[in-house]
There are 2 protein chains.
Amino acid sequence: MSVPRRPRLEDVAALAGVSRALVSIVIRDAPGASAATRERVRRAADQLGYRPDTRARMLSRSRTRLLGVVFGVQHAFHGDLVDGLYAAASGAGYDLALSAVTPRRDEDDAVAGLLQDRCEAMILLGPRTPAAQLAQLTARLPVVVLARHVRDRAVDVVRTDDAAGLHLAVGHLASLGHRRIAHIDGGRAAGAAERRRGYREAMRHHGLAAHEQIVGGGLTEDDGAAAAADLLHGQPPTAVTVFNDRCATGVLHTLRAGGLDIPGDISIVGFDDSRLAQLSHVDLTTVAQDVDRLATLAVGRAVARLDGKPVDRRELVVPPRLVVRTTTTEAQPGAPTTSRTLL
Amino acid sequence: MSVPRRPRLEDVAALAGVSRALVSIVIRDAPGASAATRERVRRAADQLGYRPDTRARMLSRSRTRLLGVVFGVQHAFHGDLVDGLYAAASGAGYDLALSAVTPRRDEDDAVAGLLQDRCEAMILLGPRTPAAQLAQLTARLPVVVLARHVRDRAVDVVRTDDAAGLHLAVGHLASLGHRRIAHIDGGRAAGAAERRRGYREAMRHHGLAAHEQIVGGGLTEDDGAAAAADLLHGQPPTAVTVFNDRCATGVLHTLRAGGLDIPGDISIVGFDDSRLAQLSHVDLTTVAQDVDRLATLAVGRAVARLDGKPVDRRELVVPPRLVVRTTTTEAQPGAPTTSRTLL
DNA sequence: TTGAAAGCGCTAACAA
DNA sequence: TTGTTAGCGCTTTCAA
C-alpha cells in the first residue's frame, strides 16, 4: 500500500487550476489574489489537507521565526516561564524551540542544540553561563537573559527586581514584629547576589542590622533542607527569607519534620511564587515574580533586536509583589530562642 | 558594520578549491573523497567556521532526523524521562524536538507544534489523548506512547509494568506486617488503572482482600493532600500505596502537618522514583521506573518504525524495582485505629 | 576521485 | 490579478 505523499504547493495549484505562486500568496495571506481565487485555492488546500512545509519556508524566507529557549527541566519556576513564553511568542508570530538543561545535558549542550536549529534569537532562563561567554554568544545572535542579573553591557536582561523582592519580604516580616530575620541564600545561583543584597539593605532600613544572618542555601529543596538544619544549630531566628520557593519548601518541611510549628515558631517567605508555593500543603508566603510580564518583555526584546529596533534600556526590571499565604505570622513573644537539634 | 554572512558550502568549496559536492561529501563523512582532499576541505571549513544548515539539509534529504517529544513541563518525572530521551536519541543519531504541555498549552497544541516541525516520529509522555485519536495520529507518523497503557493495537507502547509495581509495593508493606493497606489512585491519569488493578491483585494475593481500600487521588501534590484528608475521615490504614511520587509527597506532608508520624503511624509508598522522591526531606520509599531503559526502548522503537523494521511486540513492558527509603516501617501494634480530624 | 546539474518545497521579485 | 522565474543551502545521482 503506497503512502499518499504529503501534498505540496504544486498539488494544490493543480487542483485549483492556478499557479504555485498564487497558492503561496493565498496560503500566506499575502496581498495579490482575488477573493474568488482565494476561495478556490483554500478549498483545494483543505481538500488535500495541505500543510506548508516549515523547513522549505524557513529556507526560502531565510528566516525561521524561531526563538530558542534554554530552561531547566527540573525547575518548576522555569516551567511557569515556559508557559508564559509560549503565549508571548505566539502573540508575536514566533515559535519556540525548547532546549532543556538536564542532569546529563548542560547549558552549553542546550545552547549548541539551539544554534543548530537556526533559531533567530535565544532566551536563556536563569543561565549559569559566565557573562563573558554570554557576551560572546550575543555576537552570533540576539540573546536575552531572563531572570538573572548580568553586568556585561553586551547582554540584554529581563528580570525581576530581586532586591526589591527582599525588601517586600523583610518589610512584611518586620511589620509582623519579627526582628531576628535570617536569609537563606542561593549561593551562586541566578539572582542570589541581588536578593542577598536586598536582604541586607532591608534589614538596615528597618534598623535590624544587628540581626542580619545569612545562611548558605542553594536553589534546590535539598539545599533548603540542609540550610534549615544549619540554621537551628545556632540561635534560631523567628523568621527566614529564602532564596526561592524550592529551597523554601525544603526548609519548611525540614523544620516541620523537626517538630517546629510553621509559622508559629518560625515564619518563612519564599521567592518566585512558582506552582510549588501554591500547593495546598505548602501554601507559602512568597515574593511573586510576574511571569507573564517577564515572558512578554523577553520575547518583545528578542523581537526588537531582530527587527533592528533601537533599544533604550538594556536591562528591563519588573517589580515583584508579595503574596501572603500561611507560612508567616506575627512574631510570638515566646518564640524559641534556644537551639534545638533537628533531624 | 556589515554582518559577515554565515559561510555556505560554496564558500568552503571556493576556499578549498574544490566543488560543492566534494565539500558535502567530506562534511557528511560520506565515501568518495581522498584523504588529502578531506583534509583540505576540513581545514577550509574550520577556518570559515562553517556549520551546515540543518534546514537545507532536512529539505534535500527529505528527512529531519528529529524525534518529537511531548512532555508535561510541570511533571518532575517527565523531566527525568526527557533526560534519558536526549541520551538515547543522540545515541541513535537523532535530535529531539521538545514540545511542552503547560497550563495554557494542551496536548493537542503540543502535538500540532511537533507536526509542524516535521519530526519523523513522536514520543508522547503519559499522554491523556484518547486512544482513538492516538491511533489516528499513528496514520501520519510513528507514535510511541511512553508510560501509559493503550489497548488500541495501532499504537506502540513502552511502559513500566505498573501492576507489578504495585505488587512490589503491597508485598513490601505486607512483609512489614501491614494489613490495612490503602491505595490512593491516580484517577484517569496514565497508568492509574493498571496500578489500581495491581493493588487489588496484590491485596488478594496476600489474603488482604477484606482490607482493600481505594481512595480517589490524582497526579498532583494537591490531589495527594486532598486524599490524605479523606483517608483519615474513616478508619485510617497503617499503610498506603500512592499513584505517584508527586501525589505521595502531598500525602506525606499533609499527614505530617496533621501531626501523624511517618512512617511510625502510617507507611507510604510512592511510584516513579522521580527526583522528588529522592529529596532528603521526602526520602520516599517508592516503586522505581527504569528511566533509561524506558527512554532507550522508546527511541529504539521509534527508530525501528522509521527504518521499517518488523516489530514483534507492540508493547514493551519494563519491570519496576522497589526502592526502600524512610517512609515505610513495620506495622506498629498500637497504630492508630480511630479516626482523627486533620487540617 | 571529481564536477555538473537536478531537485527538496517554498518565497518573492518581476513580467505579463 | 496572475504566472514565470530565480533562488534559499544542501544532497545526490550521473558523467567525466
Side-chain angles (χ1 to χ4, degrees), chain A residues 3-45 48-66 93 95 115-120, chain B residues 3-42 44-45 48-66 93 95 115-120 140:
Chain A
V3 178
R5 259 218 323 83
R6 223 158 44 66
R8 293 162 310 165
L9 204 57
E10 181 155 15
D11 304 322
V12 179
L15 181 61
V18 298
S19 73
R20 288 171 23 192
L22 233 343
V23 178
S24 172
I25 285 174
V26 174
I27 296 296
R28 286 179 290 133
D29 269 325
S34 65
T37 316
R38 270 183 211 286
E39 196 41 41
R40 203 144 43 90
V41 170
R42 287 249 167 67
R43 221 189 304 279
L48 260 42
Y50 171 75
R51 308 288 301 156
D53 185 319
T54 321
R55 290 160 299 138
R57 172 174 281 179
M58 286 171 174
L59 192 57
S60 68
R61 279 201 182 140
S62 63
R63 291 208 54 176
T64 62
R65 298 203 77 81
L66 226 45
D95 271 331
L115 247 23
Q116 175 148 304
D117 289 347
R118 295 273 181 265
C119 55
E120 301 184 30
Chain B
V3 179
R5 260 218 322 83
R6 225 158 41 67
R8 293 161 311 163
L9 203 58
E10 180 154 15
D11 303 323
V12 179
L15 181 60
V18 297
S19 74
R20 287 169 27 191
L22 234 336
V23 179
S24 172
I25 286 173
V26 174
I27 295 296
R28 285 177 292 133
D29 269 325
S34 65
T37 316
R38 269 181 212 287
E39 195 41 42
R40 203 145 41 91
V41 170
R42 287 249 166 68
L48 260 41
Y50 171 75
R51 309 287 301 154
D53 184 318
T54 322
R55 288 161 299 135
R57 172 173 282 180
M58 286 171 175
L59 192 57
S60 68
R61 279 198 183 144
S62 63
R63 289 209 55 176
T64 61
R65 299 203 76 83
L66 226 45
D95 271 332
L115 246 23
Q116 176 146 307
D117 289 347
R118 297 272 180 264
C119 55
E120 300 184 31
R140 281 166 73 28

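As the structure is a computational prediction, the values presented were derived from the model and not from experiment. Residue numbers begin at 1 in each chain, while the letters A, B, ... track the order of the sequences.
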Applying salt bridge (Lys or Arg N to Asp or Glu O under 4.0 Å), run through A/D29 and A/R42 and close with a yes or a no. CA-CA 11 Å; A/D29 269 325; A/R42 287 249 167 67; 2.9 Å; yes
Under the side-chain contact (heavy atoms from CB on, under 4.5 Å) rule, what do B/I27 and B/R57 come out as? Steps first, then yes or no, please. CA-CA 12 Å; B/I27 295 296; B/R57 172 173 282 180; 3.7 Å; yes
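Nucleic acid contact for B/R28: base, since at least one base atom lies under 4.0 Å from a heavy atom of the residue.
Proximity of A/T54 to B/D117: side-chain heavy atoms (C-beta onward) are nowhere separated by under 4.5 Å.
Whole-Å rounding puts the B/R118 CZ to C/dC10 C1' distance at 11 Å. Rounded to an integer number of Å, the gap from CG of B/D53 to P of D/dG7 is 18 Å. Following rounding to the nearest Å, A/D11 (CG) and C/dG9 (C1') show an atom-to-atom distance of 11 Å. Rounded to whole Å, atom P of D/dT12 lies 14 Å from atom CE of B/M58. Separating the CG atom of B/L22 from the P atom of D/dT13 is a distance of 16 Å, rounded to the nearest angstrom. Rounded to a whole Å, the CD atom of A/E10 is 14 Å from the C1' atom of D/dT5. The CZ atom of A/R57 sits 18 Å away from the C1' atom of D/dG9 (whole-angstrom rounding). Nucleotide C/dT11 holds its P atom 13 Å from the CZ atom of A/R55, rounded to whole Å.
Nearest-nucleotide assignment on DNA chain C puts the 5′-proximal partner with B/P31, out of B/P31 and A/I27.
Checked by atom type, the side-chain pair A/R28/A/S24 shows a donor-acceptor distance below 3.5 Å.
Within a 6.0 Å sphere centred on CZ of B/R63, other residues, nucleotides and ligands contribute more than 12 heavy atoms.
The CZ atom of A/R51 lies 8.0 Å from the CG atom of B/L115; values are rounded to the nearest 0.5 Å.
For A/R20 (side chain) and A/E10 (main-chain N/O), no donor-acceptor pair under 3.5 Å exists by modelled atom type. Proximity of a side-chain donor or acceptor of A/R55 to a complementary backbone N or O of B/R118 within less than 3.5 Å is not detected.
Within residues 36-43 of chain A, no residue has any heavy atom closer than 4.0 Å to DNA chain C.
Closest approach of A/P7 and A/L48 over heavy atoms only: CG-O, 3.4 Å.
Distances shown here put a side-chain N or O of B/S24 below 4.0 Å from the OP1 or OP2 atom of D/dT11.
Closest to the side chain of B/A33, out of C/dT11, D/dT1, C/dT2, is C/dT2.
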Review item, nucleotides 4-8 of chain C N/O atoms under 3.5 Å of protein N/O:
from	atom 1	to	atom 2	distance (Å)
C/dC8	O2	B/S60	N	3.2

